[in-house]
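Structure record follows, encoded as structure tokens.
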Amino acid sequence: MSEQTQTRQRPRQTERYEPRAIEHKWQTRWEADALYRTPDDDPRPKWYALTMLPYTSGDLHIGHWWAMVPSDTQARFKRMSGYNVLFPMGFDAFGLPAENAAIKNQTHPSEWTFRNVDHMRTQLKSMGAMFDWQREVITASPDYYRWTQWWFLQLLKHDLAYRKSASVWWCPKDQTVLANEQVVDGRCERCDTIVSKRDLEQWFFRITNYADELLDFSRLQWPEQIQLMQRNWIGRSEGADLRFGLDIPGVAEQEIRVFTTRPDTVYGVTFFVLAPEHPLLDQITSPEQRDAVRSYVEAARKESEIDRLSTDREKTGVFTGAYVTNLFNGERVPVWTADYVLATYGTGAVMGVPGHDQRDFDFARKYGLKIVPVFHHPDWDGGELTAALGHGGTMINSGPFDGTADADAVRTVTAYAEANGLGRRAVTYRLRDWLISRQRMWGAPIPIVYCDDHGAVPVPERDLPVLLPDDAEFRPTGESPLTYHQGFLHTTCPTCGKPARRETDTMDTFMCSSWYQMRYIDPHNEERPFSRELARKWLPVDQYTGGAEHAVMHLLYTRFFTKAARDMGVLEHDEPMVRLFNQGQILGPDGQRMSKSRGNVVAPDDQVERWGADTFRGYLMFLGPWDQGGPYDPSGINGVYRWLNRVWNVVLGETAAAPLPAAPATRELRRWTHRTVRKVTDDLGAFRFNTMIAAMMEYTNYLTRLRESAAPVDAAAWDEARTSLALLLAPAVPHIAEELWQRLGKPYSVHTQPWPSYEAALTVEDEVEVAVQVNGRLRGRLTLPTDAPEATARDRALADAAVRPHIEGKEIVRIIYVPNRLLNIVVRG
RNA sequence: GCCGAAGUGGCGGAAUGGCAGACGCGACGGUCUCAAAAACCGUUGGGCCGCAAGGCUCAUGUGGGUUCGACUCCCACCUUCGGCACCA
């Protein structure tokens with residue numbers, strides 16, 4: 001009985017795929033073996049792959065996996081392709097949320113931050129990524145921010161840092177500075193008080209010195225749209241600075257300068273506008289207009305820049321009572337102030353030319369100001385204007401310049417201005433110098449001491465870091481505790497030793513993330529931010545990946561840092577990251593940004609627990625194109641899990657194998673193998689992870705069908721197939737690949753194996769299906785030998801039973817043949 | 001508002017000038033099971049014709065255009081997403 005039962009048993013079942021067991025096993029083994037330690041002295045060519053470091057927000061988010069898994073996959077692919085790959089990880093750990101948590105929990109922000117780091121590191125490890133944790137960097141730890149402070153001192157030394165007054169949001173009730181985020185509809189998010197701008201002395205970096213160089217992308221392989229966004233952000237404008245005469249009793253200044261891209265319209269100036277923040281505004285305002293101007297300025301200080309720059313909005317402004325003289329024609333024009341003029345752009349003043357600028361036109365219409373066209377535009381009938389005129393035509397109403405053609409106008413007028421001292425050629429940028437001061441505690445302290453005798457004195461490098469106090473008291477107002485921490489505040493002047501006061505502002509966290517890629521190459525160096533030799537070896541980053549939300553600010557700041565470092569003799573290259581890829585944003589299942597308040601958060605830990613890291617990794621990459629993002633809908637993940645089970649069964653299952661090298665089925669099997677190797681290789685290089693997974697699924701389905709057909713297959717070709725599949729899987733799903741590799745009896749580790757290559761000759765089909773169209777409509781299909789000549793295809797198509805009814809009795813005008821794809825017969829009648 | 005991007009079956013998507021819907025989810029039908037789940041197999045854009053094999057036709061946000069041929073290129077519009085300088 002028992003014997004009979006045994007003989008009736010099916011052939012031995014392979015062990016089931018148990019992701020949790022094998023993932024834990026291999027992660028432990030990899031760590032014990034230091035498989036992902038990146039040596040500095042490896043002779044292979046280096047490849048520095050970097051993904052943007054996470055902020056220490058508390059919990060790892062689906063978005064972190066979404067960002068890091070494909071990066072890890074590509075870094076692993078590069079490693080197998082023969083590179084010594086550096087793929088580090090760290091934490092962006094300073095910033096506002098830590099302070100909010102500190103106020104809420106009455107703790108020190110460092111407590112919250114470092115607890116989050118520990119938790120997130122554990123979560124990150126469950127990803128099975130090839131991060132080299134020996135190189136971890138935490139921007140809020142003193143051995144890191146010491147060097148952030150060092151960078152500040154270098155920039156200061158090289159005149160790339162300076163102090164000037166700039167405005168911040170201020171809540172009059174809480175007596176505190178607010179971030180933009182904390183201002184909701186013009187009110188303080190905490191107490192609902194209407195907020196206003198307030199001026200403070202703050203530190204800036206001269207990023208505008210590099211504006212022109214930052215416009216040069218010739219050495220970068222960055223996406224076109226990112227280059228475009230950066231170009232638009234920098235916003236280079238050529239034009240002229242023109243002088244306008246000022247003659248007001250009691251005002252020292254004799255002129256106001258204005259930047260314009262249209263100096264050729266200067267004879268059309270009928271008014272003049274100063275930004276509400278313009279330094280001369282108060283002085284030139286007449287006593288009768290003072291109250292009106294003051295209340296207008298005050299109102300403008302409550303508005304955001306986005307609102308002020310909206311072209312949608314009705315223009316507002318107030319007459320100052322003053323006049324300036326147009327030095328070209330001696331005319332006096334009224335000076336207004338209006339909030340659509342920003343103090344931070346150009347000279348903070350605009351010459352109003354309503355005939356040729358739409359904003360000025362709208363403004364003039366509203367306030368009944370004169371409109372004088374100075375070009376006879378071809379579309380203009382000479383009547384009253386209904387909108388500003390664009391470029392084109394010849395100059396009129398412009399004294400000596402009348403008759404000058406549009407194409408020559410700017411040059412001619414600018415030359416005249418320069419020759420007569422009325423102005424000069426000028427270039428202006430939309431880009432502003434980088435304001436790095438933050439009136440907050442949880443950031444790297446700006447290493448400056450204020451002395452009554454010596455002013456702002458830099459802290460000597462040997463005294464770095466300027467440590468944050470660890471006993472700071474957080475008050476519910478959100479005011480920086482550094483401002484009332486006596487131990488921090490009081491110090492001595494480095495120059496004279498007299499009592500002095502520390503700078504209590506800290507640095508913008510974008511500073512920390514502007515140079516972190518440099519620290520990873522030498523993270524434990526106590527003498528310098530990094531060694532020169534290691535910089536020469538590892539930098540620049542070969543492939544950077546991260547969210548498109550950083551397209552402009554972070555990516556411009558780090559480019560600036562690199563260029564400044566080059567000019568300061570710290571680095572020898574020009575650009576921080578040679579290649580860039582921006583992934584899209586992953587959203588909650590409801591298509592909204594994931595957030596606890598919306599209740600649409602899908603926790604990655606739960607997904608890993610339920611399906612295993614490999615399935616989750618594979619699913620994230622399979623979801624769709626990486627650069628697009630979109631909602632994370634967990635309902636399809638079982639498809640990837642099923643696939644990995646099929647992989648498991650087909651690679652480890654038994655087949656009837658025999659030496660059949662010449663069989664047609666062998667040729668087909670090898671064609672599948674080599675085509676899949678080619679497809680996966682190409683997709684990995686091009687960030688097409690979704691189609692890479694799909695190609696491996698198709699291959700697995702083919703192998704499964706082949707195995708289940710029970711027909712004998714060539715032993716060598718079958719071994720090539722399952723070996724190749726295990727290797728192709730290794731970057732995307734590293735744990736199952738390692739397990740399969742071991743069970744196939746191959747030497748540890750699959751991740752140190754060379755990437756499989758393909759033979760192009762083996763990928764070619766013998767026959768292809770060619771579509772036959774008549775007038776662009778599909779009418780039939782032909783099976784033809786690959787690369788069949790046109791004559792063959794044409795003859796077969798014209799004789800085809802499905803095609804003939806559509807061409808009979810008609811004149812064939814033309815035949816278009818695309819080999820191996822399509823033949824289109826164009827008929828008439 | 002300004003700058004950048006994206007709109008394709010019930011859903012995620014594939015195809016970047018050449019057979020629209022690869023791959024997967026879901027759904028439906030089946031196998032197994034007392035049953036359910038899981039697993040596996042089959043079908044699956046809409047409409048029309050046909051017993052069937054199959055055929056015709058409509059369809060890639062909307063409206064135009066270029067082309068033998070357009071999801072793909074051009075123009076206009078609509079919607080959604082990212083950024084707008086102190087969220088990171």
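Throughout, a chain's letter reflects where its sequence line sits, starting with A, and its residues are numbered from 1. Since the model is a prediction, treat every value here as computed from it, not as a measurement. We use all heavy atoms of the structure for the numbers below, so side chains are in, but hydrogens, waters and symmetry mates are not.
Nearest to the side chain of Ile816(A), among G18(B), G1(B), C87(B), sits G18(B).
For the residue pair Trp643(A)/Thr700(A), the side-chain donor-acceptor check at 3.5 Å is satisfied. Checked by atom type, the side-chain pair Ser513(A)/Asp92(A) shows no donor-acceptor distance below 3.5 Å. Residues Gln230(A) and Arg559(A) have side chains that bring a donor and an acceptor to within less than 3.5 angstrom of each other. No side-chain donor-acceptor contact under 3.5 Å links Gln583(A) and Gln628(A).
The base of C68(B) has none of its N or O atoms less than 3.5 Å from a complementary donor or acceptor on the side chain of Arg814(A). Side-chain to base pairing of Gln773(A) with C68(B): no donor and acceptor N or O lie closer than 3.5 Å to each other.
Pro445(A) meets the side chain to side chain contact (heavy atoms under 4.5 Å, CB included) test with Tyr145(A), Gln149(A), Val466(A), Leu468(A), Phe488(A); sequence neighbours excluded. The salt bridge (charged side-chain N to carboxylate O under 4.0 Å, His left out) check on Arg675(A) picks up Glu765(A), with sequence neighbours excluded. For Arg796(A), there are no salt bridge (charged side-chain N to carboxylate O under 4.0 Å, His left out) partners two or more places apart in sequence or in a different chain. Residues that satisfy the side-chain hydrogen bond (donor to acceptor under 3.5 Å, both in side chains) test with Thr344(A), not counting sequence neighbours, are Arg432(A). Applying the salt bridge (charged side-chain N to carboxylate O under 4.0 Å, His left out) test to Asp307(A) and every residue at least two apart in sequence or in another chain returns nothing. Scored by the side-chain hydrogen bond (donor to acceptor under 3.5 Å, both in side chains) test, Arg794(A) finds no partners at all (sequence neighbours excluded). Every salt bridge (charged side-chain N to carboxylate O under 4.0 Å, His left out) that Arg206(A) has, sequence neighbours left out, goes to Asp159(A).
Annotation: cation-pi pair Arg688(A)/Trp626(A) absent, no NZ/CZ under 6.0 Å from the ring centroid and within 45° of its normal.
Look at Arg779(A) and you'll find a side-chain N or O under 4.0 angstrom from OP1 or OP2 of U57(B). Close to C58(B), at under 4.0 Å from its OP1 or OP2, lies a side-chain N or O of Arg777(A).
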>> For a quick check, with a 4.0 angstrom heavy-atom cut-off, what is the B/S/- contact string for nucleotides 40-52 of chain B, read 5' to 3'?
In response: S------------
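A glycosidic torsion no more than 90° from 0 defines the syn conformation, and G9(B) adopts it.
Residues from residues 819-826 of chain A that place a heavy atom under 4.0 Å from any atom of RNA chain B, listed by number: Arg821(A), Leu822(A), Asn824(A), Val826(A).
Classification of the Phe114(A)-Trp442(A) ring pair by plane angle, with boundaries at 30° and 60°, yields perpendicular. Between His554(A) and Tyr516(A), the angle of the ring planes lies from 30° to 60°, which puts this pair in the tilted group.
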Can you check nucleotides 5-7 of chain B for protein contacts, nitrogen or oxygen pairs under 3.5 Å, and list what you find?
none

What are the atom names and distances for every N/O pair under 3.5 Å that joins the protein to nucleotides 77-80 of chain B?
none

> Dot-bracket for RNA chain B, 5' to 3', with Watson-Crick and G-U pairs under 3.5 Å, [ ] for crossing pairs and | for other-strand pairs: what is it?
Replying inline: (((((((..(((.....[....)))((((((.......))))))(((((....)))))..(((((..]....))))))))))))....
